[in-house]
There are 6 protein chains.
Amino acid sequence: MKISARNTLKGTVKQLIPGAVNTEIVVEIAPGVEVTSIITKASAESLGIAEGKEVYAVIKSSDVMVAVD
Amino acid sequence: MKISARNTLKGTVKQLIPGAVNTEIVVEIAPGVEVTSIITKASAESLGIAEGKEVYAVIKSSDVMVAVD
Amino acid sequence: MKISARNTLKGTVKQLIPGAVNTEIVVEIAPGVEVTSIITKASAESLGIAEGKEVYAVIKSSDVMVAVD
Amino acid sequence: MKISARNTLKGTVKQLIPGAVNTEIVVEIAPGVEVTSIITKASAESLGIAEGKEVYAVIKSSDVMVAVD
Amino acid sequence: MKISARNTLKGTVKQLIPGAVNTEIVVEIAPGVEVTSIITKASAESLGIAEGKEVYAVIKSSDVMVAVD
Amino acid sequence: MKISARNTLKGTVKQLIPGAVNTEIVVEIAPGVEVTSIITKASAESLGIAEGKEVYAVIKSSDVMVAVD
């Protein structure tokens, strides 16, 4: 499946923090560069997310803000 | 200013594509790893975004989806 | 690719309205039930979106609000 | 109240899964076509959401992504 | 129509900036306090948005970030 | 840090409702005008959010919908 979201960043699950409702997933997309995602616990389980697994962090370009110092 | 968005990824503006309404900004956050943002033209101008400038790609963790092959 | 977004609604492109920056896509997901999407023109072109094509409308559950009369 | 969100899909609450923080609501918008929403428990209670109730699934067009096989 | 979005802020349209694709709407929600919205041109026209008109700025609580100095 | 989000509304934390996963924050941005935010518990703690603290409610203009009666 190819999706309209412009950012599909390949990486590895570094940390998985399951919560009561949501699961927090830390994905390493480059050495020392991590992206944190929060998805529902149900989705994390249905996708079989586990530490060390290869995943994609998918982000719409309109959801990426830009900031400067 | 510190913000509640969990992802504040430091990078450099690699490409700037101004449009009629929005401006597309490609940020290199690690060698060969790029994130595309679309913000309003007004915001891009008020932040002084230019190629080569150091910026942060700011993304809420709830806006990061996860996908698997 | 399987994605964490909970709603992946199969349908057919009923109408395509390309704009200067964005493209509006009307997807029929059931007889008489339509969902309107706006994605960037670049994404619409790269996905080869055309009227009559079979697509999925992908929506995060946290992006679906509920209203009552 | 009329709202700028382009998708206001009429349907019936098929399933309600209250959680500690959020409530998951499955809305049938056409025979066999369901949309899953997650809203805060407080909102679900204040709207009086219950199985069998007629509701609208409200979605901004910019929150609808499109995918192809 | 009552909606699950937690923020429904009553105000007056102070400025309307129609663009090729989107329309920018500045809503004064309290003396000197303005909220800027960008919706599609089609939505702005179908809602009859005009300067001086009474409107609601509707925002999901999960779309409100918090920042500190 | 200056950010591309168009709405940075200064206010005071009026109420803080920590949950298992998320924290609900009510910010008074003008006398009697409140904005409710939901952020992760971790973010609320790392930002040191407390009742009476001065904060900014940060909202992308594309996340502000407009409604009319």
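Computed from a prediction, not measured in an experiment: that's the story for all the values here. Letters go in sequence order (proteins before strands), and every chain restarts at 1.
Counting heavy-atom pairs closer than 4.5 Å to chain E, the top residue among Ile29(F), Thr36(F), Val35(F), Val33(F) is Thr36(F). Taking Ile39(F), Ile59(F), Ile25(F) one by one and counting their heavy-atom pairs under 4.5 Å with chain E, the maximum is reached by Ile59(F). Top candidate by heavy-atom pairs under 4.5 Å with chain F, chosen from Ala30(E), Ala67(E), Pro31(E), is Ala67(E).
Residues of residues 3-19 of chain E that come closer than 4.5 Å to chain F, counting heavy atoms only, are Arg6(E), Asn7(E), Leu9(E), ordered by residue number. Residues of residues 45-58 of chain E having a heavy atom under 4.5 Å from any heavy atom of chain F, listed by number: Leu47(E), Ile49(E), Lys53(E), Glu54(E), Val55(E), Tyr56(E), Ala57(E), Val58(E).
Residue contact with chain F, scored on non-hydrogen atoms closer than 4.5 Å, involves the backbone of Glu34(E) exclusively.
In this view, Asn22(E) satisfies the side-chain hydrogen bond (donor to acceptor under 3.5 Å, both in side chains) rule with no residue, not counting sequence neighbours.
No donor-acceptor pair closer than 3.5 Å links the side chain of Ser62(E) to the backbone N or O of Ile38(F).
Among residue pairs with one or both ends in residues 57-69 of chain E, those qualifying as salt bridge (charged side-chain N to carboxylate O under 4.0 Å, His left out) are Lys60(B)-Asp63(E), Asp63(C)-Lys60(E); sequence neighbours excluded.
Going from atom CE of Met65(F) over to atom OG of Ser37(E) covers 9.0 Å, rounded to the nearest 0.5 Å.
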